[in-house]
Number of protein chains: 2
Amino acid sequence: MQLKEGKERFIEAWGALGSSWGITRTMAQIHALLLVSTVPLSSDDVMKQLQISRGNVNTNMRMLVEWTLVHKKLIPGERKEFFVAEKEMSKVVKSIIIARRKRELEPMLRLLDELTEVGGDNDEAEGFRSVISDLKLYSNKADKALDALIKVDSNWFFSTFLSFIK
Amino acid sequence: MQLKEGKERFIEAWGALGSSWGITRTMAQIHALLLVSTVPLSSDDVMKQLQISRGNVNTNMRMLVEWTLVHKKLIPGERKEFFVAEKEMSKVVKSIIIARRKRELEPMLRLLDELTEVGGDNDEAEGFRSVISDLKLYSNKADKALDALIKVDSNWFFSTFLSFIK
DNA sequence: CATAGCTTTCAGTAAAGACTGAAAGTAGGG
DNA sequence: CCCTACTTTCAGTCTTTACTGAAAGCTATG
């Protein structure tokens, strides 16, 4: 396969995959484009390559920067902003875990906390509290596990984890 | 808080959370409804309680059964089908991990396999292959870790994992 | 301190995704 | 083997979410 074709397929497929990860096609495509670019790109470069509007690039780029998957890069003599993707995969993985934990787990923990205070001493209320508290238990475990995962160096974690579990 | 209010809040919030987990509001709401119900429910019960159409219930219920979060339950003397949610949380967690791995990780592994064969011996092609192979490395690690997680008893895993990492 | 060059915002529009409901399909009971 | 009670399907519609593009907002430079 040729490099050009490979890049195109990667950008397209990464975009499609994005949806199943809960991020927009475009955000994922911009990320892919920057990941396989050897040079920093400006908004105009991205607009041109992906055929999307300035506003769209701006919004999605801001999210990528927020997730720390992309950084602004100033080029001396240029007034435009340029962008580069973080290419060290342990950092990429870490950023994704942090962002997803925040989106997917935190709201759940908040909800469950609120619902433990349901009253009543019949079987039905008992059942409800039991479901909620079990959910809470597992959510907390997941939360702590992810927290540990974030704090340690990813390489260390994965290799140790795997040898341990095997 | 009253039980009725608690259930309602749970169903509504679980639905909202669903979107951030990449499942539809309705599928999550049906799941929530069944989780906090002490008796099996029929399609009609669900239609009535959530104010949604028969087709919608049918489609989403099928997905819940596919994810093994819900089981059909036959009640003697009734021709209708009834449904109950799996309430053991270790099983629920396991089902969710399996389904998400399939949706989110498998397509990625397939894509990356395809892209390792990109040719060229300049720096650019080298960089591309490096990004792809790093991604592949981490995806495989995540895949194996999840596989291990699925295979062991969830309780064992979490407690051992946590004491290990702490 | 005015202007050019760039970035951000956001109301309106387009695209994607979910839901409805009626019609077709299926199976137990008589 | 037909009727009735249910389940499934899917074309059309609605809702939600993402994108566009033009206008407003910045900020370096002369």
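Proteins come first, then strands; the chains are lettered A, B, ... in the order of their sequence lines, and each starts at number 1.
Under 4.0 Å is where a charged nitrogen must lie from a carboxylate oxygen, and between Lys94(B) and Glu86(B) no such pair does. Using a 4.0 Å cut-off between a side-chain N of Lys or Arg and a carboxylate O of Asp or Glu, Glu12(B) and Arg9(B) do not qualify as a salt bridge. Using a cutoff of 4.0 Å between basic side-chain nitrogens and carboxylate oxygens, Arg110(A) and Glu114(A) are not scored as salt-bridged.
In this structure, Asp123(A) places its CG atom where only 12 or fewer heavy-atom neighbours from other residues, nucleotides or ligands lie under 6.0 Å away. Within a 6.0 Å sphere centred on NZ of Lys87(A), other residues, nucleotides and ligands contribute more than 12 heavy atoms. Within 6.0 Å of CZ on Arg25(A) lie no more than 12 heavy atoms contributed by other residues, nucleotides or ligands.
Taking atom CE of residue Met61(B) and atom C1' of nucleotide dT7(D), one finds them 12 Å apart after rounding to whole Å. Following rounding to the nearest Å, Asn56(B) (CG) and dT7(D) (C1') show an atom-to-atom distance of 15 Å. In this structure, Arg25(A) atom CZ and dT16(D) atom C1' are separated by 18 Å, rounded to whole Å. One atom, NZ of Lys80(B), and another, P of dT8(D), lie 14 Å apart when rounded to the nearest Å. As rounded to whole Å, 15 Å separates atom C1' of dT29(D) from atom CD of Glu78(A). Rounded to an integer number of Å, the gap from Ile75(B) CD1 to dA5(D) P is 19 Å.
In this structure, Ile30(A) CD1 and Phe83(A) CZ are separated by 9.0 Å, a value rounded to the nearest 0.5 Å.
Residue contacts shown for Arg62(B) are limited to sugar-phosphate atoms, with no base heavy atom under 4.0 Å away. Across all strands, Asn60(A) comes closer than 4.0 Å only to sugar-phosphate atoms, never to a base (heavy-atom distances).
Where Ser53(B) and Phe82(A) each meet DNA chain C at their nearest nucleotide, the meeting point lying more 5' is that of Phe82(A). Where Arg79(A) and Val57(A) each meet DNA chain D at their nearest nucleotide, the meeting point lying more 5' is that of Val57(A). With DNA chain C read from its 5' end, the first of the two nearest nucleotides for Phe83(A) and Ser19(A) is the one closest to Phe83(A).
First and last contacts of DNA chain C with chain A, using any nucleotide atom under 4.0 Å from a protein heavy atom and ordered 5' to 3', fall at dA4(C) to dT9(C).
Nearest nucleotide to the side chain of Arg54(B), out of dT4(D), dT20(D), dT8(D): dT8(D).
The shortest distance between the side-chain N/O atoms of Asn58(B) and the OP1/OP2 oxygens of dT7(D) is not below 4.0 Å.
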